[in-house]
Amino acid sequence: GIVTVHEFGEDQGLLYLAMERVKGEDLSQMIRSGALTRPQVLEVMAQVCEALDHAHKAGIIHRDIKPANVMVGRAGGRFQVKLMDFGVARLEGSNLTSDGTWMGTIGYMAPEYLETGKADVRSDLFAVGVMLFEALSGGRKPFPGETPTMILSRMMRQEPEVLSLQDLEGLPTEVGQLVARVMAKD
């Protein structure tokens, strides 16, 4: 569930990364178009979690989990999810990027990461919760705002929006509880 990197290097002063070509559509496009049913959203997100689990067990924190970094294709009639863009990932224990430096996309960064600059497994899971909220709600943001400052303020000071009964129609009640839990401030 993680995009394969074939080669990386430098050519005439430019760094490059050659990755596998992944066919499909990114999750942000699928959310905007309403292309997934609720059960399909859960299948896609389960595969995202499996890929993250693999990365986390290897000591890698992605730090930029968002729908645009999830490619969804089909293989044999089933979804095949690939987690992409490990460009700001951090290896646990590494000092290649200093603590206190934000890496990622506003709206998906966990409040404790915004506060301390230290990302860990929970930071990635917070972003999964934001993605799940968006996918189930038809694209609504759990921390809406017109500017990055407004979004950051809401993330730090307010509880996220809540999924409606309509958003969760046909799903077990535990799904709404799970989304709330992974987006909790603590």
Side-chain angles (χ1 to χ4, degrees), residues 24-49 51-52 56 61-72 79 81-90 97 100-186:
E25 191 173 7
D26 76 52
L27 185 56
S28 64
Q29 295 168 330
M30 297 180 90
I31 291 171
R32 278 194 304 275
S33 69
L36 298 171
T37 65
R38 287 178 187 86
Q40 289 172 332
V41 165
L42 296 183
E43 172 60 29
V44 166
M45 294 307 296
Q47 288 187 41
V48 167
C49 289
L52 267 179
H56 291 161
I61 308 301
H62 189 284
R63 299 197 302 180
D64 198 19
I65 298 296
K66 62 184 178 183
N69 287 339
V70 175
M71 189 65 89
V72 182
F79 287 116
V81 173
K82 289 282 188 165
L83 185 56
M84 305 186 320
D85 195 358
F86 281 76
V88 297
R90 181 172 186 185
T97 57
T101 303
W102 289 346
M103 299 283 179
T105 303
I106 291 174
Y108 299 92
M109 292 186 269
E112 65 273 12
Y113 176 48
L114 292 169
E115 193 170 280
T116 67
K118 296 178 182 177
D120 63 22
V121 168
R122 295 168 296 180
S123 307
D124 282 349
L125 293 179
F126 177 89
V128 167
V130 173
M131 288 191 339
L132 186 53
F133 181 98
E134 288 179 24
L136 291 174
S137 70
R140 282 193 345 263
K141 305 286 185 190
F143 301 98
E146 294 179 22
T147 66
T149 303
M150 290 172 71
I151 295 167
L152 288 170
S153 177
R154 284 194 69 136
M155 291 180 81
M156 297 298 292
R157 295 185 179 99
Q158 297 177 16
E159 293 302 315
E161 302 268 321
V162 177
L163 289 169
S164 71
L165 292 176
Q166 184 179 358
D167 296 331
L168 297 167
E169 187 176 333
L171 297 176
T173 56
E174 291 84 5
V175 173
Q177 295 167 355
L178 173 69
V179 172
R181 182 173 178 198
V182 295
M183 288 195 305
K185 299 283 187 230
D186 183 7

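Heads up: numbering here begins at 1 and tracks the sequence.
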- Message: Suppose we screen for side chain to side chain contact (heavy atoms under 4.5 Å, CB included). Which residues come up paired with T149, at least two apart in sequence or across chains?
- Response: T147
- Message: S28: which residues meet the side-chain hydrogen bond (donor to acceptor under 3.5 Å, both in side chains) condition with it, sequence neighbours left out?
- Response: D26
- Qualifying residues under side chain to side chain contact (heavy atoms under 4.5 Å, CB included), relative to A35, sequence neighbours excluded: M30, S33
- Which heavy-atom pair separates A110 from F126 by the least distance, and what is that distance? CA-CD2, 3.5 Å
- Task: Report the residue from T173, L136, V179 that forms a side chain to side chain contact (heavy atoms under 4.5 Å, CB included) with L168.
- Result: L136
- Item | Heavy-atom pair with the smallest gap, counting every atom of P39 and L171 | N-CD2, 4.5 Å
- Which atom names give the shortest non-hydrogen contact between P142 and V130, and what distance separates them? CG-CG1, 3.8 Å
- Item | Partner set under salt bridge (charged side-chain N to carboxylate O under 4.0 Å, His left out) for K185, not counting sequence neighbours | none
- Residues forming a side-chain hydrogen bond (donor to acceptor under 3.5 Å, both in side chains) with Q29, sequence neighbours excluded: none
- Under a 4.5 Å cut-off applied to non-hydrogen side-chain atoms, are L125 and I65 in contact? no
- Query: At what distance, to the nearest 0.5 angstrom, does CG of L163 lie from CE of M183?
  - Reply: 6.5 Å
- Atom of P111, atom of M155 and distance for their closest heavy-atom approach: CG-O, 3.6 Å
- Item | side-chain hydrogen bond (donor to acceptor under 3.5 Å, both in side chains) against E112, all qualifying residues, sequence neighbours excluded | none
- Task: List the steps, then state whether side-chain contact (heavy atoms from CB on, under 4.5 Å) holds for L27 with L36.
- Result: CA-CA 9 Å; L27 185 56; L36 298 171; 3.8 Å; yes
- Task: Kindly give the heavy-atom pair with the smallest separation between M71 and G24, and that separation in Å.
- Result: SD-C, 3.6 Å
- Listed partners of R181 passing salt bridge (charged side-chain N to carboxylate O under 4.0 Å, His left out), at least two apart: none
- Message: Tell me if a side-chain donor or acceptor on N69 pairs with a main-chain N or O of D64 at a distance below 3.5 Å.
- Response: yes
- Task: Go through the structure and list residues passing side-chain hydrogen bond (donor to acceptor under 3.5 Å, both in side chains) with R38, not counting sequence neighbours.
- Result: none
- Query: Okay, side chain of E43, backbone of F79: is any donor-acceptor separation there less than 3.5 Å?
  - Reply: no
- Message: Just verifying a value: how many Å separate L152 CG and I106 CD1, rounded to the nearest 0.5 Å?
- Response: 4.5 Å
- Note on the structure: Contacts satisfying side chain to side chain donor-acceptor pair (under 3.5 Å) that involve residues 121-135 (not counting sequence neighbours) are H56-D124, Y108-E134, D120-R122, E134-K141
- Message: To the nearest 0.5 Å, what is the distance between SG on C49 and CG on L42?
- Response: 10.5 Å
- Item | Where F133 and V162 come nearest, the two heavy atoms and their spacing | CE1-C, 3.8 Å
- Query: So which pairs with a foot in residues 143-164 pass salt bridge (Lys or Arg N to Asp or Glu O under 4.0 Å), sequence neighbours left out?
  - Reply: R154-E161
- Item | Contact list for residues 163-177, test salt bridge (Lys or Arg N to Asp or Glu O under 4.0 Å), sequence neighbours left out | R140-D167
- Which residues satisfy the side chain to side chain contact (heavy atoms under 4.5 Å, CB included) test with V182, sequence neighbours excluded? L178
- Item | Side-chain heavy atoms of L132 within contact of V48, under 4.5 Å | no
